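Everything quoted here is computed from the prediction, not taken from an experiment. Remember, it's 1-based here, ligands and their atoms both numbered in the order they're listed. Atom set for the values below is all heavy atoms of this structure, side chains included, hydrogens, waters and symmetry mates excluded.
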Amino acid sequence: MDVIEAVKNRKSIRGYKPDPVAKEVLEEILESARWAPSAMNTQPWEFTILTGDVLENIKRRNVELLNSEAPPNPEHVVVGWPTESIYRQRQVNLAKQLFQLMDIPREDKEKRAKWQERGFRYFDAPVAIIVSVDRCLSETGPLLDIGAAIQTICLTALHFGLGTCIEDQGTMYPDVLRKYAHIPESKRIVMAIAIGYPDWDFPANKLQTEREPVKNMTSWLGFD
Ligand SMILES: Cc1cc2nc3c(=O)[nH]c(=O)nc-3n(C[C@H](O)[C@H](O)[C@H](O)COP(=O)(O)O)c2cc1C
């Protein structure tokens with residue numbers, strides 16, 4: 001798969017086959033990710049790879065906390081945009097598309113709650129990657145580098161027939177990750193990536209999100 005094909009084929013996968021992912025394959029993916037660029041080659045990313053009982057315990061505890069309405073406590077806050085903005089509009093569009101594919105009526109609170117649980121269970125993926133960063137680094141500085149590494153993981157995963165979903169939902173309860181995955185307080189938990197073999201029959205995996213055309217986000221100067 002060439003680079004442009006991979007970039008355009010990558011999409012978020014929210015339903016997985018239970019098949020395990022070989023450690024050697026995950027190692028190759030991380031071997032690729034470590035070549036991501038970073039500011040002054042600081043390489044701030046740290047990865048914790050979870051599967052088996054450890055991941056099952058985390059999924060279970062995340063869902064318990066979610067259902068007991070424990071307040072989420074993310075260490076990197078993704079959500080935050082004005083209600084009248086285009087950003088909110090795009091978020092609403094995404095939710096509408098996903099709910100339509102999953103046959104979740106807007107007013108069906110129970111089905112919506114069940115859908116939300118899936119994110120806290122890493123969409124039932126057999127593996128989750130937790131991305132963290134040392135707290136001695138600035139809070140925002142390493143985020144660009146980490147974004148590059150995460151995209152590299154997602155693109156390389158395609159090479160092995162794997163799907164991914166970058167998700168902050170999987171980091172809403174950092175204490176759960178600290179307890180079961182032994183991530184120390186000295187590390188800021190930034191993001192999770194669900195990874196596994198896609199279940200292409202899962203309705204949400206049919207979603208093809210849209211993007212603005214280049215002209216809407218670009219200014220060209222000095223070309224003519
Ligand atoms: C920082 C970040 C956080 C995300 N968190 C979630 C999440 O918690 N749950 C989810 O279902 N998708 C999550 N996503 C996936 C986005 O919804 C998805 O990338 C976006 O809708 C574009 O769709 P695509 O990935 O299929 O191209 C996240 C993506 C990013 C980059």
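By the 30° and 60° cut-offs, the orientation of the rings of Trp45 relative to Phe47 is parallel.
Distance screen at 4.0 Å: atom 20 (C) of ligand 1 has no protein heavy-atom neighbour inside the cut-off.
Atom-to-atom distance recorded for Ile153:CD1 and Leu26:CG is 9.5 Å, nearest 0.5 angstrom. In this structure, CZ on Arg188 lies 10.0 Å from NE2 on His76, to the nearest 0.5 angstrom. A distance of 14.0 Å separates CD1 in Ile189 from OH in Tyr173, rounded to the nearest 0.5 Å.
Residue contacts with ligand 1: Arg211 is included, with a non-hydrogen atom under 4.0 Å away. Remark: distances from the non-hydrogen atoms of Gly119 to ligand 1 are all 4.0 Å or more. Not a single heavy atom of Gln208 sits less than 4.0 Å from an atom of ligand 1.
Considering Gln116, Arg118, Glu117 as possible partners of Val63, the one that fulfils the side-chain contact (heavy atoms from CB on, under 4.5 Å) test is Glu117.
Using modelled atom types and a 3.5 Å distance limit, the side chains of Arg90 and Asn93 yield no donor-acceptor pair.
The distance from ligand 1 to the heavy atoms of Cys165 drops below 4.0 Å at these ligand atoms: 12 (N). For ligand 1, the atoms closer than 4.0 angstrom to any heavy atom of Lys11 are 26 (O). Under a 4.0 Å criterion applied to the non-hydrogen atoms of Arg14, ligand 1 contributes the atoms 10 (C), 11 (O), 12 (N), 15 (C), 16 (C), 17 (O).
Put simply, the side chain of Lys111 never gets that close to the backbone of Phe99: no donor and acceptor are under 3.5 Å apart. Checked by atom type and distance alone, the side chain of Lys17 never pairs as donor or acceptor with a backbone atom of Pro126 at under 3.5 Å.
By the criterion of a heavy-atom distance under 4.0 Å, the side chain of Thr209, and not its backbone, is placed next to ligand 1. Residue contacts with ligand 1, taken as heavy atom pairs separated by less than 4.0 Å, involve Leu94 solely via side-chain atoms from C-beta onward.
Hydrophobic clustering of Ile, Leu, Val, Met, Phe, Trp and Tyr side chains at less than 4.5 Å, counting indirect connections, keeps Leu155 apart from Val131.
Nearest protein neighbour of atom 9 (N) of ligand 1, counting heavy atoms only, is Gln169 OE1, 3.0 Å. Protein heavy atom in closest approach to atom 1 (C) of ligand 1: Met191 CE, 3.7 Å. In this structure, atom 28 (C) of ligand 1 lies nearest to the protein heavy atom Ile166 O, 3.1 Å. In terms of protein heavy-atom proximity, atom 26 (O) of ligand 1 is nearest to Ser12 N, 2.9 Å. Nearest non-hydrogen protein atom to atom 3 (C) of ligand 1 is Asp168 OD1, 3.6 Å.
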